[in-house]
Number of protein chains: 2
Amino acid sequence: MSNKSHRLIELMMTVNRKRKFTVKELANDFNVSPRTILRDLQELSGLGVPLYSEVGPHGGYQVLNERVLPPIAFTEEEAVAIFFASHALRHYSSLPFETETSAALKKFYFYMPGDVRDRIDQMKNRFDFVIPVRQVKSPYLGILLDAAVQQKVVCFEYESKSGKLSREIQPIGIYASSGLWYCPAYCFMRKDYRLFRCDKISSEIRLSTTDPIDLRDIHLGNRIAITKEKKTPLRLYVELNREGVQKCETELGRHINVNIREDGSGWLENQIDPQSIPFFAKFFIGLGKDAMVKKPSILIDKIKEMLIEMMQQYK
Amino acid sequence: MSNKSHRLIELMMTVNRKRKFTVKELANDFNVSPRTILRDLQELSGLGVPLYSEVGPHGGYQVLNERVLPPIAFTEEEAVAIFFASHALRHYSSLPFETETSAALKKFYFYMPGDVRDRIDQMKNRFDFVIPVRQVKSPYLGILLDAAVQQKVVCFEYESKSGKLSREIQPIGIYASSGLWYCPAYCFMRKDYRLFRCDKISSEIRLSTTDPIDLRDIHLGNRIAITKEKKTPLRLYVELNREGVQKCETELGRHINVNIREDGSGWLENQIDPQSIPFFAKFFIGLGKDAMVKKPSILIDKIKEMLIEMMQQYK
DNA sequence: TTCATAGCGACATGATTTGTCACTATCATA
DNA sequence: TATGATAGTGACAAATCATGTCGCTATGAA
């Protein structure tokens, strides 16, 4: 392959790897004169590599946060799958990334071969990953994620049912579920793990001076096992008919285990946290006669209480 | 920019777009001699573009099914966002793509600059898009999507509440919501639009000989408006407090418009389909005192009926 | 001030690229 | 079977491009 084109491609990779470098350095690496490197760098710039330079001692070139992916061979299916997965991000009103993801998608789309593009166009209105739309913004996702990754303690005002309270937490991670963002974290106030809803954070997030605890081995994948051990659990037992089974599977996700019989009916049998009684009461009322709660009695009482309340509401 | 390098990059895009072409053709496109194009194509080959050629009339060059994406400049943020969006696909037990998406992800990951890779590794266990896990497989997603794109009529056995029935439908599209796949379609049996759950298709899907109707202008984005026109609508009016507003936003998605007042409370005001009365009755019972249904009276009656039923159930 | 860096322009030289031409090979099809 | 459309190669001269060198400016840190 020709010298120059080859060098340009190598150069592209090299600058991406080094991120900071001087013209002289590269001239040595590539055994060409600095002048040549200068010209090459200008070409790279023209090709879209975002180079930035500063003169003076300790100056030099830098690649800005844009990186250039080298040519990657994707099969058509792969490209389409990646496109639509990223496309689904448009449903989120908040993301922990600063970027407009639409910019990334446009690039991706623009550089695709024409027929893949055609295929995407045809599918665009016929295929989607739906995520409930919320207007609720969660502006602190980036900070929380950073804190989780870097093991930092943060504090903020949090709007819980019992009112606004200042919290000091060390995030384990963040995740989106049904259009809302959640942040499981260690709460220094409660001295225990708690789940926070990111949209209920009602003040700026500040870094705290509290020493972080060691959460390196606790992450989204294993936190449930770890946090569950500590609760004083209530035993939940619910009979479900076919419809009930299906709804529970859809709506409870993986937190609660749904057992299924051959005829399609089933039952729930789980340890639950006393705090979640109001949630389950509402949930099973919503299921109507598709679910029959047998235990715990405290849950049954709550359901009755709510039913009576509602009877009054609708006279 | 220098002629040759420029041309090579353009060429890379062009061959990816055209997939099949002759040397002469390209020579015209690029205003160079065929000889030059030949030499260029050899270089591209050397760079990994999978070219294949055949001599003779109707021969020419082809790009094999792996496509090479040219170098794309992504910001670090963009790359990370695309990675995690695609990563979220692993939650789906069924996808309409044949490919293992993990293969695509590995490639993507592999070619990233080292420090982006590090960042991804750090985030992997601390960031996720959660989708309710279902064991339910939907093996016909690909076929349904094809049928939607290509305007074809298909038929299959469908397991609805009223039992197994043979259905003949023309899909509008498919979408995933809360871990389940749905297929809105025109149903030739009901002579109307219906929503099918892809996992309830209980037989092979066959192409039907029925003539397709013209659904080119109906797609996931507008089907609701179109299908609604035909119904005899009921007017829904519901008062919501703050919590009610939030739940409706989360759970009703974009189908129903939630109006919000300054104090956080709000109301629903919509046309609804009489068929969806049972759904809404359950839904608003589930909201408890966070919602107060004012209209239509038929819905209120249904709610009362269900409440009474449940009171009896729990004595 | 001095030094290390980026950056530009001009120019001669050497290297590469290009077009042209003449040739071979393959294959579909008229 | 002949023909034409296609890929593919080699050689060489002409055109173009790339490179190094030199001299210069500008900037900013130490």
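Just so you know, these numbers use all the heavy atoms, side chains as well, and skip hydrogens, waters and symmetry mates. So that the names make sense, note that chain A is the first sequence line, chain B the second, and so on, each numbered from 1.
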Could you pull out all residues at least two apart from A/D214 that satisfy salt bridge (Lys or Arg N to Asp or Glu O under 4.0 Å)? A/R216
May I ask you to evaluate whether A/S33 reaches the phosphate of D/dG20, defined as a side-chain N or O under 4.0 Å from OP1 or OP2? yes
With a 4.0 Å cut-off, would you call B/R119 and B/E77 a salt bridge?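 B/E77 and B/R119: salt-bridged.
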When the distance from [atom1] of [X] to [atom2] of [N] is rounded to whole Å, what number comes out?
| X | N | atom1 | atom2 | value |
| --- | --- | --- | --- | --- |
| B/L11 | C/dT18 | CG | P | 11 Å |
| B/N31 | D/dT16 | CG | P | 14 Å |
| B/K4 | C/dT16 | NZ | C1' | 8 Å |
| A/L26 | C/dA4 | CG | C1' | 16 Å |
| B/I37 | C/dT17 | CD1 | C1' | 13 Å |
| A/N28 | D/dG20 | CG | P | 12 Å |

Between N or O atoms, less than 3.5 Å apart, protein on one side and nucleotides 1-11 of chain D on the other: list the pairs.
{"unit_1": "D/dT6", "atom_1": "O2", "unit_2": "B/G56", "atom_2": "N", "d": "3.4"}
{"unit_1": "D/dA7", "atom_1": "OP1", "unit_2": "B/V23", "atom_2": "N", "d": "3.1"}
{"unit_1": "D/dA7", "atom_1": "O3'", "unit_2": "B/S53", "atom_2": "OG", "d": "3.1"}
{"unit_1": "D/dG8", "atom_1": "OP1", "unit_2": "B/S53", "atom_2": "OG", "d": "2.5"}
{"unit_1": "D/dG8", "atom_1": "OP2", "unit_2": "B/Y61", "atom_2": "OH", "d": "2.0"}
{"unit_1": "D/dT9", "atom_1": "OP2", "unit_2": "B/Q42", "atom_2": "NE2", "d": "2.5"}
{"unit_1": "D/dG10", "atom_1": "N7", "unit_2": "B/R35", "atom_2": "NH1", "d": "2.8"}
{"unit_1": "D/dG10", "atom_1": "O6", "unit_2": "B/R35", "atom_2": "NH1", "d": "3.3"}

Just to verify, what does [X] make a side-chain hydrogen bond (donor to acceptor under 3.5 Å, both in side chains) with, not counting sequence neighbours?
| X | result |
| --- | --- |
| A/S33 | A/T36 |
| B/T14 | none |
| B/D146 | none |

Residues in ring pair (Phe, Tyr, Trp, His ring centres under 6.0 Å) contact with B/Y140, at least two apart in sequence or another chain: none
